[in-house]
Amino acid sequence: MGAVTDDDVIRKRLLIDGDGAGDDRRINLLVKSFLKWCSSGSQEEGYSQYQRMLSSLSQCEFSMGKTLLVHDMNLREMENYEKIYVDIESGIAAAHEKITECKKQILQAKRIRKNRQEYDALAKVIQQHPDRHETLKQLEALDKELKQLSHTKENVEDKLELRRKQFYVLLSTIHELQQTLENDDKLAEESQESPMETQNP
């Protein structure tokens, strides 16, 4: 068998002694008084032992009543502690749920903040560009200017083609004029040579 510890001794003492108020001593005294009463020789001694037994019984009953009251109080305290424990457990569970919900709210707030920052950045980029109405006006102005330039280009090309034709006609005229002048020069030379030939024979 193992060694008896101090806790075991105290526990056995409490089981025997009730709440530690000397119940075992009272019981021992009651037993001794009963034995003395049984072995008493005279009536006076028996009556004295009988009174002592009644006193011891009264003390034992009072101690037992007190022990029962303490026991009931301990039971109520245990029930109260169990209720407090359940309330604490419920509070801890509710706190965990609250923490989880707060974490979700924090994540949602971070997403909202990120989206808001992205929206603000996009809004700044959009503000740097003209709006759709202004852009359409600019496109219409550019289209009108492009049409005017195309028309001007066509006019310039027509004028250039006309000048090209006129230049070609001019070149042809110059060439014909040169040819005519050359022919005139040849005729003049031939007319000058003919009198000289008639004079020489």
Side-chain angles (χ1 to χ4, degrees), residues 1-140:
M1 295 178 64
V4 178
T5 62
D6 294 338
D7 292 338
D8 294 333
V9 173
I10 293 172
R11 187 179 298 107
K12 289 180 179 179
R13 181 68 179 176
L14 289 174
L15 290 175
I16 295 173
D17 194 27
D19 61 349
D23 289 341
D24 57 341
R25 185 175 60 84
R26 294 190 186 94
I27 293 174
N28 290 331
L29 290 175
L30 179 61
V31 172
K32 289 179 180 180
S33 297
F34 177 75
L35 292 176
K36 287 182 180 181
W37 177 73
C38 291
S39 63
S40 60
S42 63
Q43 186 176 359
E44 292 180 357
E45 185 180 358
Y47 182 76
S48 177
Q49 294 298 328
Y50 176 72
Q51 293 296 325
R52 289 179 181 176
M53 283 192 299
L54 291 178
S55 178
S56 297
L57 283 173
S58 178
Q59 291 179 359
C60 289
E61 289 176 354
F62 175 78
S63 179
M64 184 179 67
K66 180 181 177 182
T67 302
L68 290 175
L69 290 175
V70 172
H71 177 70
D72 293 338
M73 183 184 68
N74 289 334
L75 289 178
R76 288 193 297 270
E77 287 294 326
M78 288 180 62
E79 292 178 357
N80 187 32
Y81 289 148
E82 289 178 357
K83 182 179 179 181
I84 293 174
Y85 176 78
V86 171
D87 292 340
I88 292 173
E89 289 292 328
S90 299
I92 293 173
H96 282 299
E97 293 179 358
K98 188 67 176 178
I99 290 172
T100 303
E101 184 66 23
C102 289
K103 288 181 178 180
K104 292 180 180 179
Q105 292 178 359
I106 290 172
L107 292 176
Q108 185 178 4
K110 287 182 178 179
R111 285 195 296 269
I112 293 174
R113 182 181 178 186
K114 182 180 178 182
N115 293 336
R116 186 173 298 168
Q117 290 176 348
E118 292 177 353
Y119 173 79
D120 292 339
L122 183 61
K124 290 180 180 179
V125 173
I126 293 173
Q127 288 177 356
Q128 293 176 357
H129 294 80
D131 59 3
R132 184 173 181 272
H133 180 69
E134 186 66 23
T135 303
L136 290 175
K137 287 178 63 177
Q138 293 179 358
L139 289 175
E140 290 176 357

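Throughout, numbering of the chain's residues begins at 1 and tracks the sequence.
Under the 3.5 Å distance criterion, the side-chain polar atoms of Ser90 are matched with a main-chain donor or acceptor of Val86.
Going from atom NZ of Lys98 over to atom CD of Gln105 covers 6.5 Å, rounded to the nearest 0.5 Å. For the atom pair CD of Glu82 and CG of Asp87, the computed distance is 12.0 Å after rounding to the nearest 0.5 Å. With values rounded to the nearest 0.5 angstrom, Asn74 atom CG is found 9.0 Å from Tyr81 atom OH. Rounded to the nearest 0.5 Å, atoms OH (Tyr85) and CD1 (Ile92) are 8.0 Å apart. For the atom pair NZ (Lys66) and CE (Met73), the distance works out to 10.0 Å, reported to the nearest 0.5 Å. Here CG of Asn80 is found 4.0 Å from CD1 of Ile84. Values are rounded to the nearest 0.5 Å.
Test Gln117, Arg116, Lys110 against Arg113 for side-chain contact (heavy atoms from CB on, under 4.5 Å) and you get one pass: Gln117.
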CA sep, side-chain torsions, deciding dist, call: Lys103, Leu107, side-chain contact (heavy atoms from CB on, under 4.5 Å): CA-CA 6 Å; Lys103 288 181 178 180; Leu107 292 176; 5.5 Å; no
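The neighbour count for Glu89 CD, taken as heavy atoms of other residues, nucleotides or ligands under 6.0 Å away, is above 12.
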